[in-house]
2 protein chains.
Amino acid sequence: MRAELALVAFDLFRRKGFDKVTIDDVAEAAGVSRSTFLRYFGTKEDAVLSAFESKSERVAAALRARPADEDDWTALRHAMDHAIASYADAPDEALAVARLVRGTPALRARQLEKMHAWRPALAQALAERAGTGTPSVAHWVRASAALDCFSVGVDHWVDSDGGLDLIELLDEAFAALAPR
Amino acid sequence: MRAELALVAFDLFRRKGFDKVTIDDVAEAAGVSRSTFLRYFGTKEDAVLSAFESKSERVAAALRARPADEDDWTALRHAMDHAIASYADAPDEALAVARLVRGTPALRARQLEKMHAWRPALAQALAERAGTGTPSVAHWVRASAALDCFSVGVDHWVDSDGGLDLIELLDEAFAALAPR
DNA sequence: CTCAAACTGATACCGAGTGTCACGTTAGCC
DNA sequence: GGCTAACGTGACACTCGGTATCAGTTTGAG
């Protein structure tokens with residue numbers, strides 16, 4: 001149900017533009033009521049970005065699974081492979097979604113917010129790797145920078161219409177900031 | 001006028017909570033109409049965050065003014081001094097605003113967005129320093145990371161109730177990512 | 001003094017999100 | 001098989017932020 005709703009919504013958004021489509025439009029097209037749509041998604045934006053959430057835990061888990069003696073930056077680089085997995089698995093869909101998001105301020109803002117929400121989990125994971133309870137300034141900075149690398153890499157990948165290699169882009173992004 | 005409106009709004013927000021105060025409340029307290037408030041700010045959030053904008057150009061200008069042979073990371077670190085200037089000039093006010101923002105999801109989101117909007121100017125400045133027209137992946141990443149350092153530094157400064165030295169926090173944040 | 005431009009406030013409107021409630025369906029249980 | 005409790009659904013009313021329009025007023029330049 002949720003998935004079908006999201007699909008109908010995405011289709012409408014892409015065809016008519018995100019803010020030319022009301023929640024009522026989506027609900028009607030999907031054959032449900034406005035109430036139902038809002039119970040499933042809570043927000044118009046979430047119909048597009050719901051898949052984006054909960055990747056946070058997977059990346060954090062991957063980070064925790066890295067060898068303890070590995071430096072933060074390398075560990076983060078590898079953990080980010082789990083973030084780009086969905087892009088590699090379904091490039092066309094990922095491209096379509098990314099284009100819609102980039103062209104819609106409201107979606108961009110919400111995505112930025114969701115991405116930002118990953119930071120605590122990553123910083124915490126780094127802190128645990130270091131054996132400390134609370135993340136240090138360095139942990140927060142590195143976690144944030146790693147997310148930027150992901151973001152910048154994906155942006156360039158989208159700009160190239162998926163032509164460039166996302167893995168190489170990520171490597172390039174991470175290389176721009178040598179760890180210590 | 002704008003400044004007084006912002007002051008009245010801020011006062012109300014801090015006392016009753018941002019989302020317990022409607023635009024009408026602010027307008028009434030300031031003795032103007034809702035229309036006028038919205039013409040000045042366009043958004044409820046902007047009444048608090050308007051000062052935050054337009055720092056982008058100053059920082060970018062500072063970045064361009066750095067010696068051409070200086071490495072990006074050092075240049076960014078120095079440029080960021082202009083971003084924290086207002087915090088050093090009026091620490092109490094900056095602290096009060098920062099606390100309100102941190103405690104209000106809507107304000108946090110909007111601030112994040114405004115911060116994100118600095119990136120193009122910084123990345124472009126880095127590109128010009130390098131003699132290229134368009135920023136490279138490395139430029140984007142470094143610009144973004146520098147903003148994170150600023151953000152993380154300020155966050156910790158607020159957590160310490162202004163007790164810690166913001167300059168040292170910034171140094172520490174930048175040191176967490178060695179440049180190349 | 002005049003006239004144009006800018007400022008203001010009133011009004012109407014749209015759409016997102018919240019809360020509530022009644023109805024129907026389903027599923028467990030005796 | 002019938003009873004009931006839980007849940008999904010939809011209808012409705014409401015609040016509030018933001019947009020657009022327009023008429024009245026102020027202001028300032030010539």
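- Between Phe18(A) and Ser33(B), the residue anchored nearer the 5' end of DNA chain C, judged by the nucleotide with its closest heavy atom, is Ser33(B).
- Salt bridge status for Asp46(B) with Lys114(B): present, with a side-chain N to carboxylate O gap under 4.0 Å.
- The listed nucleotides are dT18(C), dG18(D), dG9(C); the one nearest the side chain of Arg39(B) is dG9(C).
- The distance between atom CG of Asp24(A) and atom C1' of dA16(C), rounded to the nearest whole Å, is 10 Å.
- As a whole-Å value, the separation of Met1(A) CE from dG10(D) C1' is 13 Å.
- Minimum atom distance to the side chain of Leu38(A) is reached by dT18(C), of the listed dT8(C), dT18(C), dG9(C).
- Contact annotation: Thr36(B) does not reach the phosphate of dT8(C) (side-chain N/O to OP1 or OP2, under 4.0 Å).
- Rounded to a whole Å, the CG atom of Leu5(A) is 12 Å from the C1' atom of dT9(D).
- Counting non-hydrogen atoms under 4.0 angstrom, Ser35(B) reaches a base of the nucleic acid.
- In this structure, Leu107(A) atom CG and dA16(C) atom P are separated by 12 Å, rounded to whole Å.
- Between Tyr40(A) and dG8(D), a side-chain N or O to OP1/OP2 separation shorter than 4.0 Å is absent.
- The separation between Lys44(A) atom NZ and dG17(D) atom C1' is 14 Å, rounded to whole Å.
- A cation-pi arrangement is present between Lys55(B) and Phe52(B) under the rule of less than 6.0 angstrom and at most 45 degrees off the ring axis.
- Within the 4.0 Å cut-off from OP1 or OP2 of dG17(C), at least one side-chain nitrogen or oxygen of Thr43(A) is found.
- Phe150(B) has its ring centre no less than 6.0 Å from the ring centre of Trp157(B).
- Look at CZ on Arg34(A): it is 13 Å from P on dC12(D), rounded to the nearest Å.
- Rounded to an integer number of Å, the gap from CD1 of Ile23(A) to C1' of dG17(D) is 14 Å.
- The distance between atom CZ of Phe37(A) and atom C1' of dA16(C), rounded to the nearest whole Å, is 11 Å.
- Judged by distance alone, the side chains of Asp25(B) and Thr22(B) do bring a donor and an acceptor atom under 3.5 Å apart.
- Using a 4.0 Å cut-off between charged nitrogen and carboxylate oxygen, Arg99(B) and Asp161(B) count as a salt-bridge pair.
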